[in-house]
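Below is one structure, written out as structure tokens; the observations come after it.
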Protein chains: 2
Amino acid sequence: MTSSILHIKLEENLFLKDPTISKLGKLILSEGLLLLNEIGLEEFTFKKLASRVNTTESSIYRYFESKHQFLFYLFNFYWAWMEIGIVLSTNNIESPKKRLSIIIKHLTSVVENDVRTPYIDEAILQKVIAMESSKTFLTKKVDDENKIGYFLQYKKLVSAVSKVIKEISPDYPYPNALVTTIIESSFHQRFFGLHLPRLTNDLHDENNLNDFLTNLCFNTIENYGK
Amino acid sequence: MTSSILHIKLEENLFLKDPTISKLGKLILSEGLLLLNEIGLEEFTFKKLASRVNTTESSIYRYFESKHQFLFYLFNFYWAWMEIGIVLSTNNIESPKKRLSIIIKHLTSVVENDVRTPYIDEAILQKVIAMESSKTFLTKKVDDENKIGYFLQYKKLVSAVSKVIKEISPDYPYPNALVTTIIESSFHQRFFGLHLPRLTNDLHDENNLNDFLTNLCFNTIENYGK
DNA sequence: TGTTTTTTGGTAGTATTACTATTATTTTTG
DNA sequence: CAAAAATAATAGTAATACTACCAAAAAACA
């Protein structure tokens with residue numbers, strides 16, 4: 001029996017040395033993700049990570065040129081992984097409405113660890129991305145980082161979902177905006193549920209968050225202009 | 001003729017010493033806002049601001065204990081100011097639907113400088129808040145900062161808008177979530193229009209952004225459960 | 001007007017961050 | 001077993017995010 005391993009290959013400029021091909025690299029990924037989840041991007045340093053994996057700062061710098069590059073690596077990993085899951089669970093579905101429902105479920109549900117990716121725990125990754133992903137684009141460096149392809153995976157997914165919306169409502173003029181609104185909202189609303197409950201409505205409950213955004217999506221596209 | 005000055009009084013724990021009552025304090029606000037807009041929160045330091053207003057780091061630290069407190073000051077100022085504008089332009093309107101339309105216009109339009117607040121340029125403030133406000137809550141300190149009231153103004157506004165939604169659709173279960181989704185989306189979509197256009201749909205045009213979110217809001221609340 | 005307060009300026013210092021550079025040691029691989 | 005590659009260890013730099021202290025200037029008040 002072959003173990004099924006999902007190897008997610010990311011663009012060359014998301015790292016200095018591919019972390020998936022060495023033991024230390026994998027440790028940096030797995031423990032880095034955990035540390036990021038524990039202390040957050042602001043407090044996260046390569047020095048702390050180094051002491052956690054019993055290596056040195058300089059060794060980590062050989063894999064990633066900065067903690068921002070490391071975050072972008074995880075960010076792209078997440079969206080590449082998400083796309084695989086979405087494609088797999090929708091490619092044999094005829095009805096675009098059903099496909100869209102499934103996609104929204106994928107985008108808004110709490111994720112479980114995917115055992116096919118040994119050094120990344122997707123349940124943790126989702127938390128980290130929810131908390132940190134806005135920080136990838138809300139900077140003055142966004143144009144430079146966009147130029148070197150740091151947002152490619154995210155754009156790819158958005159455009160794929162957008163296509164499904166166009167199948168359902170070809171005249172709806174804002175499919176991309178709607179998709180990114182749903183994604184960002186799912187992250188933020190779950191966060192509000194935990195930390196700033198007056199900014200949301202008991203969306204901590206999985207089904208409510210999915211109901212909120214599914215409803216928002218379909219009512220928006222199906223009634224536009226009516 | 002009396003000059004009409006809008007004095008926005010903020011909570012005591014948003015500063016160490018009230019910046020609105022001294023010349024230096026006002027300079028810190030006005031120039032700090034401009035500097036923040038120019039270089040972004042990550043690059044912004046009190047040292048740079050000090051050299052810009054010809055004072056010293058230590059003098060600025062007498063007003064704000066950190067740049068994060070300074071950001072929260074601006075954040076609360078923005079939402080307090082926004083609320084005043086919304087109240088003023090809706091309190092004589094009967095129809096809740098009209099009121100909601102006006103509110104969405106306020107929340108999604110590019111703002112112009114309000115001459116009644118001499119040391120804050122609201123047009124700049126809006127840009128800064130759009131870019132930096134997610135960073136106020138997406139941190140590990142959010143619970144502590146929430147406890148000391150750093151999010152009060154924002155919550156107040158959200159709850160006010162939420163009330164209008166309940167007037168229109170009393171059975172809609174997610175009014176708060178919808179309001180924060182609209183606000184966050186208006187910030188992010190405009191940003192995408194400028195920097196990551198493939199994540200949105202020409203919402204750089206004012207009217208489109210307003211149309212997108214007005215439509216999303218009304219269709220969501222009026223068709224829920226249908 | 002003179003004298004206290006209050007406010008600001010100036011300097012210094014600390015621990016930490018975000019790196020870069022260099023050399024020594026270990027591990028891998030051909 | 002030798003050569004190459006990877007990692008460890010150490011050191012160093014400029015900048016950040018502060019704190020502390022004292023002197024000078026400005027404002028308030030008596």
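Just so you know, these numbers use all the heavy atoms, side chains as well, and skip hydrogens, waters and symmetry mates. Within every chain, numbering begins at 1; the chains are lettered A, B, ... in the order of the sequence lines, protein sequences first and strands thereafter.
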> Could you give the CD1-to-C1' distance, from B/Ile60 to D/dT16, as a whole number of Å?
Replying inline: 14 Å

>> Expressed as a whole number of angstroms, how long is the span from B/Leu41:CG to D/dT16:C1'?
In response: 13 Å

> To the nearest Å, how far apart are A/Phe64 CZ and D/dA6 P?
Replying inline: 15 Å

>> Check the phosphate of C/dG9 against B/Ser59, side-chain N and O only, distance under 4.0 Å to OP1 or OP2. Yes or no?
In response: yes

> To the nearest Å, how far apart are A/Arg62 CZ and C/dT27 P?
Replying inline: 15 Å

For nucleotides 15-21 of chain C, print each protein N/O atom paired with a nucleotide N/O atom at under 3.5 Å, atom names and distance only.
| residue | atom | partner | partner atom | Å |
| --- | --- | --- | --- | --- |
| C/dA18 | OP1 | A/Lys67 | NZ | 3.4 |
| C/dC19 | O5' | A/Glu65 | O | 3.3 |
| C/dC19 | N4 | A/Glu57 | OE1 | 3.3 |

>> What is the separation between atom CZ on B/Phe15 and atom P on C/dT7, rounded to the nearest whole Å?
In response: 13 Å

>> A cation-pi test, strictly: NZ or CZ of A/Lys67 under 6.0 Å from the centre of the six-membered ring of A/Phe44 and no more than 45 degrees from its axis. Yes or no?
In response: no

> Which distance, rounded to the nearest 0.5 Å, do you find between the CZ of B/Phe15 and the CG of B/Leu29?
Replying inline: 10.0 Å

> For B/Leu16 and D/dA17, what is the distance between atoms CG and P respectively, to the nearest whole Å?
Replying inline: 16 Å

> For B/Ser22 and D/dA26, is the shortest distance between a side-chain N/O and OP1 or OP2 below 4.0 Å?
Replying inline: no

> Roughly how many Å is it from OH in B/Tyr63 to C1' in D/dT19, rounded to a whole number?
Replying inline: 19 Å

> Going by distance alone, is a donor N or O of one side chain under 3.5 Å from an acceptor N or O of the other, for B/Asp211 and A/Tyr174?
Replying inline: yes

> CD1 of B/Ile28 versus C1' of C/dT7: gap in Å, rounded?
Replying inline: 12 Å

> Is there side-chain contact between A/Glu112 and A/Glu122, with at least one heavy-atom pair below 4.5 Å?
Replying inline: no

>> If the threshold is 4.0 Å, N to carboxylate O, is there a salt bridge linking A/Glu38 and A/Arg52?
In response: yes

>> Taking the basic N atoms (NZ, or NE/NH1/NH2) and the acidic carboxylate oxygens, is any pair closer than 4.0 Å for A/Lys127 and A/Glu132?
In response: no

> So does A/Lys140 pair up with B/Glu42, basic N to acidic O under 4.0 Å?
Replying inline: no

> Counting just side-chain N and O atoms, does A/Lys17 come under 4.0 Å of either OP1 or OP2 of D/dT7?
Replying inline: yes

>> Taking the minimum atom-to-atom distance to the side chain of B/Thr56, which one of D/dT7, C/dT7, C/dG9 wins?
In response: C/dG9

